[in-house]
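Here's the structure, in structure tokens; my notes come after.
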Amino acid sequence: MIWNALLLALREIRRNLMRSFLTILGIVIGVSAVITMVTLGNGATRAVSDQIASLGSNLLIIRPGQHLGPGRDSAGAAAFKVADVEALKTQVSGLAAVVPVTNKSVTLVAMARNWSTGVTGTTSDWFATGKWQIASGRIFNEAEERAGAAACVIGETIRRELFGSQDPLGQQIRVKQFSCEVIGLLASKGQSTMGNDQDDLLVMPLRTVQRRLTGSIDVASLMISVRDDASMDIAKDQVSWLMRERRHIGAGDNDDFSVMDTRQIAETLSGTTKVMTGLLGAVAAVSLLVGGIGIMNIMLVSVTERTREIGIRLAIGALEREVLLQFLIEAVALASLGGIIGILLATLASIGGAALMHVPYLFNPAINLLSFGFSAAIGVVFGYVPARRAARLDPIEALRHA
Amino acid sequence: MSEPLIALSGVTRTFGTGAAAFQALRGVDLTIEEGEFVAIMGPSGSGKSSMMNILGCLDTPSGGSYRFRGLRVEDLNRDQRALLRRHALGFVFQGFNLLARTSAQENVELPLLYRGETVEARHDAARAALAAVGLEGWGHHSPAELSGGQQQRVAIARALVTNPSLLLADEPTGNLDTERSREIIDLLVALNRDKGITVVMVTHESDMAAYARRIVRLVDGKVESDIRNAAPAGVVPGAH
């Protein structure tokens, strides 16, 4: 009986192909939206945590202010000084390196070309701590750091944009009012998963940036790598205590800086993307519900249109539940068809979207199954009322229907 | 079989309630034996349709009793009456009532579908039924591609594909011209004579009723006359 009802339903769907297509469009859009949103969201979450995890698990990052991510509140919190670096190095045990970092946006000019990028002012420990490799040339030495020498190490993107096919080593790049000599080229890390280009950077000694670009002795953030044999938690606590002392924070007051390890950063960032994924998924789920109402609407129209047919079926001996089943299965078949098309569309959209956003495409069987199940369930829920109306028709009245 | 196929006793059918109530049937007593060919006649509003609906188990009497082979139809629920229709009754309507955009073959197979017959059994039975009404090879045509007479033949094939005990025909020739009407009535007569199917036919055309072996005339919801037709048309050569 169910098999027959399914055949009947498919025949009915084929008979009104255009109308069937428009009916399920809502479900198609709903299902594909839900799956695409969740799949891309999961990909973005994975990308963020992968990238941060690639920095290693022994990294602490200290920033002024308490919040991380967009809209962080660093206003009022004092920047760090080079003296903080020295203090951390000497007073906290178990640290492999303490790296000050200061950033400045500038326009670079070389070979009659220019390029806007961010300059990173730091120490030579920055390269090892950030897991950067040198492709050619060298990094700056201690003497250059102390002197604030006009020497820079550039990323692959800068090399390509400014020097093209020429060897950049020994060339001069104009940064604002001064020129610096390219002494090294970083090995490419490739496109970042957050959508930015990791190779688009220029690294100089901290002192050079402070003197010639920012004009202050501030340090924007500190990167600390903890020795493998030392405990991350203890190091973190000690760093916090020292910084509280140095920043004169009273016993009852909150920190005006944040110390985060890479795991925490990954969690914070992926937490954000998870919330976004959930919200987008919820919006998409509403559209799925709207699609269900569309199915109910058309099924009600269909029952009215086919009143006479229902009368004939009842007259020749169809049971109430057989008519109910026929229309219910028709609604479920419509909704499921919408679900299948939606899944196919979502797969294409997710693969395309993942490529565009530079996030990995993670096929998520759970969300695909869930969306399909949900669309079929919508067929049952929204198909039930029209189907019951059909089944309860009085055969005499139904046969009289024009 | 001691029980008659149909036994109506004191059957009434009232529509509406109170002052607006309308009595379509006012106490009908009628017994029809297996193998009969009965024409039910009467003017509009005489209760023909109400009677057909009750005979066809689509409706139940408001009062009185309808026994189908001794089975009290008024005691059956909706699904039980549907099963009775499925297994014992066949309907032919004035408006043919075929499923549109569905081939003749599929229309004829429909009652077998609800009986749960296999695909092969359905195909074979439907082909045989179509052949029996003279529509061999027309199975793939949809109703829109068939003439009125052909559509009614398909409807008859659908009614007899289940080998019903009772064939109920409600104005089967009402939408057809004289020649098609003759063909259809001849078909009904032949089915009754050759297959022993009991036929109850509602008509207001006396020349169609003349083919029946018994003519029941309804007036104002009551049986006014019940006449045996000793020489039904079509049976006696040259009677037409």
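Proteins come first, then strands; the chains are lettered A, B, ... in the order of their sequence lines, and each starts at number 1. It should be emphasised that the depicted structure is a prediction, and the values quoted were computed from it without experimental measurement. Just so you know, these numbers use all the heavy atoms, side chains as well, and skip hydrogens, waters and symmetry mates.
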* To do: Decide yes or no for Arg78(B) and Leu314(A): does some side-chain heavy atom of the first lie under 4.5 Å from some side-chain heavy atom of the second?
  =>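 Yes, at least one pair of side-chain atoms sits under 4.5 Å.
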
* **Non-hydrogen atoms of Phe93(B) and Ala315(A) that approach each other most closely** =>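 Closest pair (atom of Phe93(B), atom of Ala315(A), distance): CZ-CB, 4.2 Å.
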
* To do: Say whether, by atom type as modelled, one donor and one acceptor occur between the side chain of Arg101(B) and the main chain of Arg15(A) under 3.5 angstrom.
  =>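 No; zero donor-acceptor contacts below 3.5 Å.
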
* For Ile316(A), the option from Leu112(B), Val161(B), Leu110(B), Leu113(B) that meets side-chain contact (heavy atoms from CB on, under 4.5 Å) ->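 Running side-chain contact (heavy atoms from CB on, under 4.5 Å) over Leu112(B), Val161(B), Leu110(B), Leu113(B) with Ile316(A) returns exactly one hit, Leu110(B).
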
For the [atom1] atom on [X], are there more than 12 heavy atoms of other groups (residues, nucleotides or ligands in this structure) within a distance under 6.0 Å?
{"X": "Arg46(A)", "atom1": "CZ", "result": "no"}
{"X": "Asp220(B)", "atom1": "CG", "result": "no"}
{"X": "Tyr361(A)", "atom1": "OH", "result": "yes"}

* Contacting moiety of Arg115(B), where chain A heavy atoms sit under 4.5 Å ->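 For Arg115(B), no heavy atom lies under 4.5 Å from chain A.
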
* Do you know which of Pro111(B), Gly116(B), Ala82(B) has the most heavy-atom pairs under 4.5 Å to chain A? ->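 Heavy-atom pair counts peak at Ala82(B).
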
* If you tally heavy-atom pairs under 4.5 Å against chain A, which of Thr102(B), Leu84(B), Leu89(B) wins? ->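 Top option by heavy-atom pairs under 4.5 Å: Thr102(B).
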
* Is there any residue in residues 41-57 of chain B with a non-hydrogen atom under 4.5 Å from a non-hydrogen atom of chain A, and which ones are they? ->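 At a heavy-atom separation under 4.5 Å, chain A is reached by Asn53(B).
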
Side chain, backbone, both or neither: which part of [X] has an atom under 4.5 Å from a heavy atom of chain B?
{"X": "Arg11(A)", "result": "side chain"}
{"X": "Ile396(A)", "result": "side chain"}
{"X": "Ala391(A)", "result": "backbone"}

* To do: Return the set of residues passing side chain to side chain contact (heavy atoms under 4.5 Å, CB included) with Ser147(B) (not counting sequence neighbours), or none when no residue passes.
  =>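 Only Gln150(B) meet the side chain to side chain contact (heavy atoms under 4.5 Å, CB included) criterion with Ser147(B).
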
* For Arg26(B), enumerate each residue passing the salt bridge (charged side-chain N to carboxylate O under 4.0 Å, His left out) test, keeping only those at least two apart in sequence or located in another chain. =>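 If we apply the salt bridge (charged side-chain N to carboxylate O under 4.0 Å, His left out) test to Arg26(B), skipping adjacent residues, there are no hits.
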
* **All side chain to side chain donor-acceptor pair (under 3.5 Å) counterparts of Asp75(B), not counting sequence neighbours** =>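 Result, side chain to side chain donor-acceptor pair (under 3.5 Å) vs Asp75(B): Arg72(B).
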
